[in-house]
Amino acid sequence: MASVVFKVLVLAFLHFTADFLGGLTLPLPEPTLVRHFNTDLFTVMWIITSSALLCNLIQPLAGSLLPKAGCPAILAVAPLLAGLAACIGLTQRIPLFAVMLATSFAAIGLLHPEAAIAVQAIAPRRKNLAVACFMSGGFLGYSTGALVGAWWARRFSLESFWVFAIPAVIAAGLVLLAGLHRVHRSAGNREAEHLAGSLPFPVVLSISIAISISMCLLVLMYPVYAYRSFGVRGQ
């Protein structure tokens with residue numbers, strides 16, 4: 001049996017990998033993707049923004065619809081689908097690009113609530129520390145993905161971007177090795193479902209949607225602004 005520490009580290013790496021793949025495309029709209037697909041910025045931004053919003057909006061919905069015990073198989077399947085974000089350089093067809101990115105970001109979105117359930121289930125006594133490590137892995141991955149994506153785009157071709165799908169395969173393998181694909185949340189680990197003063201789900205969902213839209217628009221538009229202000233150096 002894998003130790004609790006190992007399982008938490010695997011989940012942190014899984015979160016790192018998923019958000020790394022999500023961050024890869026952040027600095028790429030101009031000039032990389034516009035040139036690669038020989039299209040206009042509006043088309044590229046529409047695809048990326050729609051995929052990013054899908055990733056964020058699917059999380060609260062998945063969290064509410066998943067079984068109370070979770071669906072741990074998602075932890076093994078989702079990273080493989082998320083790896084499609086690194087394979088967009090293998091095609092120059094806009095429709096296929098849109099499908100690949102949407103599938104990748106949907107998988108990333110589904111992974112988050114399931115992984116959050118798992119990290120609390122495997123470390124109930126040190127839940128706060130385990131969740132903190134898990135969350136840090138994601139933020140570090142998103143930031144690193146954006147940095148690496150910009151660096152790679154300036155020095156190498158987008159066709160070789162697929163190498164960043166390799167960590168996704170490794171993450172899926174580690175999930176299987178740690179047995180996380182079989183981890184269900186037990187009744188003893190569930191939080192009270194009707195806490196006094198808790199907000200109803202529609203209110204929480206509305207707040208989540210507002211945050212998601214604001215974050216996506218601001219974060220995704222800034223790299224375009226930087227490029228148009230400073231040229232390729234701005235990327």
Side-chain angles (χ1 to χ4, degrees), residues 9-37 41 44-45 47-56 75 78-92 96-112 115 133-175 215-235:
L9 290 177
V10 169
L11 286 170
F13 177 71
L14 181 66
H15 197 188
F16 172 92
T17 302
D19 285 11
F20 175 89
L21 291 165
L24 273 177
T25 57
L26 181 62
L28 300 186
E30 272 190 335
T32 306
L33 293 178
V34 170
R35 292 177 180 173
H36 179 79
F37 291 105
L41 178 63
V44 169
M45 289 302 295
I47 293 172
I48 293 179
T49 303
S50 298
S51 298
L53 288 174
L54 174 63
C55 176
N56 283 277
L75 299 179
L80 300 177
L81 295 177
L84 289 173
C87 300
I88 57 175
L90 299 179
T91 181
Q92 291 185 310
L96 185 55
F97 164 54
V99 170
M100 292 171 68
L101 203 64
T103 301
S104 173
F105 277 53
I108 293 171
L110 285 172
L111 186 146
H112 279 77
C133 293
F134 171 75
M135 294 300 295
S136 294
F139 285 115
L140 182 61
Y142 190 71
S143 303
T144 304
L147 179 64
V148 171
W151 175 80
W152 192 274
R154 289 193 62 186
R155 288 164 175 77
F156 304 100
S157 66
L158 197 62
E159 287 81 357
S160 60
F161 224 50
W162 63 267
V163 299
F164 297 117
I166 296 176
V169 177
I170 295 174
L174 288 173
V175 166
M215 182 190 73
C216 287
L217 291 178
L218 290 172
V219 172
L220 294 174
M221 289 304 297
Y222 183 77
V224 175
Y225 169 78
Y227 169 73
R228 296 198 171 191
S229 297
F230 306 106
V232 176
R233 183 172 57 92
Q235 189 181 40

Can you tell me how far apart CZ (Phe20) and CG (Leu147) are? Round to the nearest 0.5 Å.
9.0 Å
What distance separates Leu110 CG from Leu75 CG, expressed to the nearest 0.5 Å?
11.0 Å
CD1/Ile108 to NE2/His15 distance, rounded to the nearest 0.5 angstrom?
9.5 Å
Using a 4.5 Å cut-off on heavy atoms from C-beta on, say whether the side chain of Leu26 contacts that of Val219.
yes
How many angstroms lie between OG1 in Thr91 and CE in Met100, if you round to the nearest 0.5 Å?
7.0 Å
Side chain to side chain contact (heavy atoms under 4.5 Å, CB included) evaluation trace for Thr32 with Gln235
CA-CA 9 Å; Thr32 306; Gln235 189 181 40; 3.0 Å; yes
Tell me, with the steps shown, if Phe105 and Leu54 meet side chain to side chain contact (heavy atoms under 4.5 Å, CB included).
CA-CA 7 Å; Phe105 277 53; Leu54 174 63; 5.5 Å; no
Of all the heavy-atom pairs spanning Ile88 and Ala85, show the shortest one and how long it is.
CG1-O, 3.6 Å
From Arg35 atom CZ to Leu33 atom CG, the distance as rounded to the nearest 0.5 Å:
11.5 Å
Which heavy atom in Leu41 sits nearest to a heavy atom in Val224, and how many Å separate them?
CD2-CG1, 3.7 Å
Does some side-chain heavy atom of Thr17 sit less than 4.5 Å from a side-chain heavy atom of Pro79?
no
Arg233 CZ: over 12 foreign heavy atoms closer than 6.0 Å
no
